[in-house]
Amino acid sequence: MPTPLRIAILASGRGSNFAALLAAHERGELPVEFVLVASDKADAPVLQLAQGAGVPTMVLDPRDYADRRTYDFALFDRIAASKPDLLVLAGFMRIIDGDALKPWAGRMINIHPSLLPKYRGLHTHRRALKAGDLEHGASVHYVTAELDGGPVIAQATLTIETGDDEATLATRLLPLEHQLLPAVVALIAAGRLTLGEQGIAFDGEPLRKPLRW
Ligand SMILES: Nc1nc2c(c(=O)[nH]1)N[C@@H](CN(C=O)c1ccc(C(=O)N[C@@H](CCC(=O)O)C(=O)O)cc1)CN2
Ligand SMILES: NCC(=O)N[C@@H]1O[C@H](COP(=O)([O-])[O-])[C@@H](O)[C@H]1O
């Protein structure tokens with residue numbers, strides 16, 4: 001019986017994507033072990049969610065560090081102590097120093113609320129609406145130094161409807177995120193998705209375009 005994939009979650013807020021991962025695990029769909037939930041915000045609701053599920057938590061306050069880079073190295077040193085196999089950014093709202101994330105190349109993923117490469121960064125729903133896009137969505141990608149620029153693993157799309165605003169779009173997109181992220185983590189846990197020198201491999205073949213959900 002293979003040992004379950006050890007997952008550390010990084011999150012800054014509500015934690016609904018972490019909750020979706022927990023639920024998938026409880027349904028037996030994710031052969032993983034959540035070894036840590038780490039946050040930069042002591043009041044992040046995701047921490048209570050983790051504690052309620054018996055998952056160890058850690059808070060590191062950026063205000064206790066001289067600068068961003070020092071913080072990032074301290075954060076990942078502390079995370080490394082939990083010996084995770086995979087880091088999942090689930091609403092982690094800090095741009096990470098490229099050198100600090102280097103040891104995690106190919107072992108860190110992020111869920112982003114846009115159809116990358118469109119709308120890297122923040123305020124994605126507002127930008128899609130402003131652009132008059134007909135469709136929007138979410139992407140799961142490997143994390144690299146380039147903000148939201150890493151190889152895209154999978155995407156889920158929705159149609160932007162008349163009358164949609166930022167709030168309704170975010171609300172309609174969340175359930176798709178809650179399906180997409182667990183599905184990608186399950187593929188990684190099963191060894192079906194890897195990131196190498198040649199890019200993403202899916203079942204041993206180069207992934208030439210993102211998987212669609
Ligand atoms: N080096 C990388 N760091 C991060 C990545 C990445 O791909 N490479 N993904 C992001 C996640 N993210 C969007 O999916 C994201 C998070 C935060 C920001 C941002 O501008 N943060 C500001 C602070 C914003 C705030 O406090 O509200 C900042 O860090 O100065 C953009 C995109 C996670 N990190
Ligand atoms: N740039 C990163 C970003 O905006 N991520 C987004 O933050 C939300 C976190 O919600 P959650 O805390 O309920 O999972 C999610 O919608 C996720 O796509």
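Just so you know, ligand 1 is whichever comes first in the structure, and atom 1 is the first atom listed for that ligand. Position 1 is the first residue of the sequence; numbering continues from there.
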Point to revise | Short side-chain to backbone donor-acceptor contact, Ser139 and Gln155, under 3.5 Å | key: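 Checking the backbone N and O of Gln155 against the side chain of Ser139, no donor-acceptor pair under 3.5 Å is found.
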Considering heavy atoms of the protein only, find what lies nearest to [atom] and give residue, atom and distance to 0.1 Å.
| atom | answer |
| --- | --- |
| atom 10 (O) of ligand 2 | Arg14 NH2, 3.1 Å |
| atom 2 (C) of ligand 2 | Met93 SD, 3.7 Å |
| atom 17 (C) of ligand 2 | Glu177 OE1, 3.3 Å |
| atom 3 (C) of ligand 2 | Pro113 CD, 3.6 Å |

**Study point:** Asn110 N/O to ligand 2 N/O under 3.5 Å
**Key:**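 Checking ligand 2 against Asn110, no N or O pair falls under 3.5 Å apart.
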**Study point:** N or O contact, Asn17 vs ligand 2, cut-off under 3.5 Å
**Key:**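 Yes, there is a polar N/O contact under 3.5 Å.
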Point to revise | Ligand-residue contact atoms, ligand 2 with Gly91, heavy atoms, under 4.0 Å | key: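 Listed by number with element, the hits are 7 (O), 9 (C).
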Practice item. Check ligand 2 against Gly15 and write out every atom of the ligand that is under 4.0 Å from a heavy-atom position of the residue. Key: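 Answer for ligand 2: 11 (P), 12 (O), 13 (O), 14 (O).
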Point to revise | Val184, Leu116, Val152, Ile188 screened by side-chain contact (heavy atoms from CB on, under 4.5 Å) with Val140, the one that passes | key: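 Single side-chain contact (heavy atoms from CB on, under 4.5 Å) partner of Val140 among Val184, Leu116, Val152, Ile188: Val184.
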Point to revise | Verdict with supporting geometry, Glu135 and Thr159, side chain to side chain donor-acceptor pair (under 3.5 Å) | key: CA-CA 4 Å; Glu135 67 169 14; Thr159 302; 6.0 Å; no
Is any side-chain N of the basic residue among [X] and [Y] closer than 4.0 Å to the acidic one's carboxylate O?
| X | Y | result |
| --- | --- | --- |
| Arg6 | Asp85 | no |
| Lys102 | Asp99 | yes |
| Lys118 | Asp133 | yes |

Exercise for review: Would you tell me which option among Thr171, Ile111, Leu21, Ile95 has the nearest heavy-atom contact to atom 5 (N) of ligand 2?
Suggested key: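 It is Ile111 whose heavy atom sits nearest to atom 5 (N) of ligand 2.
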Does the side chain of [X] reach to within under 4.5 Å of the side chain of [Y], using non-hydrogen atoms?
| X | Y | answer |
| --- | --- | --- |
| Ile96 | Leu147 | no |
| Leu89 | Ile111 | no |
| Asn17 | His178 | yes |

Would you tabulate the polar-atom pairs, meaning N/O of ligand 1 against N/O of the protein, with distances under 3.5 Å, reported to 0.1 Å?
{"residue": "ligand 1", "atom": "1 (N)", "partner": "Ile96", "partner atom": "O", "Å": "2.9"}
{"residue": "ligand 1", "atom": "1 (N)", "partner": "Thr144", "partner atom": "O", "Å": "3.2"}
{"residue": "ligand 1", "atom": "1 (N)", "partner": "Ala145", "partner atom": "O", "Å": "3.4"}
{"residue": "ligand 1", "atom": "3 (N)", "partner": "Ile96", "partner atom": "N", "Å": "3.0"}
{"residue": "ligand 1", "atom": "7 (O)", "partner": "Asp148", "partner atom": "N", "Å": "2.8"}
{"residue": "ligand 1", "atom": "8 (N)", "partner": "Thr144", "partner atom": "O", "Å": "2.8"}
{"residue": "ligand 1", "atom": "9 (N)", "partner": "Asp148", "partner atom": "OD1", "Å": "3.2"}
{"residue": "ligand 1", "atom": "14 (O)", "partner": "Asn110", "partner atom": "ND2", "Å": "2.8"}
{"residue": "ligand 1", "atom": "14 (O)", "partner": "His112", "partner atom": "ND1", "Å": "2.8"}
{"residue": "ligand 1", "atom": "14 (O)", "partner": "Asp148", "partner atom": "OD1", "Å": "3.3"}
{"residue": "ligand 1", "atom": "21 (N)", "partner": "Met93", "partner atom": "O", "Å": "3.3"}
{"residue": "ligand 1", "atom": "29 (O)", "partner": "Arg68", "partner atom": "NH2", "Å": "2.8"}
{"residue": "ligand 1", "atom": "29 (O)", "partner": "Ile95", "partner atom": "N", "Å": "2.9"}
{"residue": "ligand 1", "atom": "30 (O)", "partner": "Arg68", "partner atom": "NH1", "Å": "3.1"}
{"residue": "ligand 1", "atom": "34 (N)", "partner": "Arg94", "partner atom": "O", "Å": "2.7"}

**Study point:** Closest non-hydrogen atom pair between Ala138 and Glu177, with its separation
**Key:**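 That closest heavy-atom pairing would be CB-CG, 3.7 Å.
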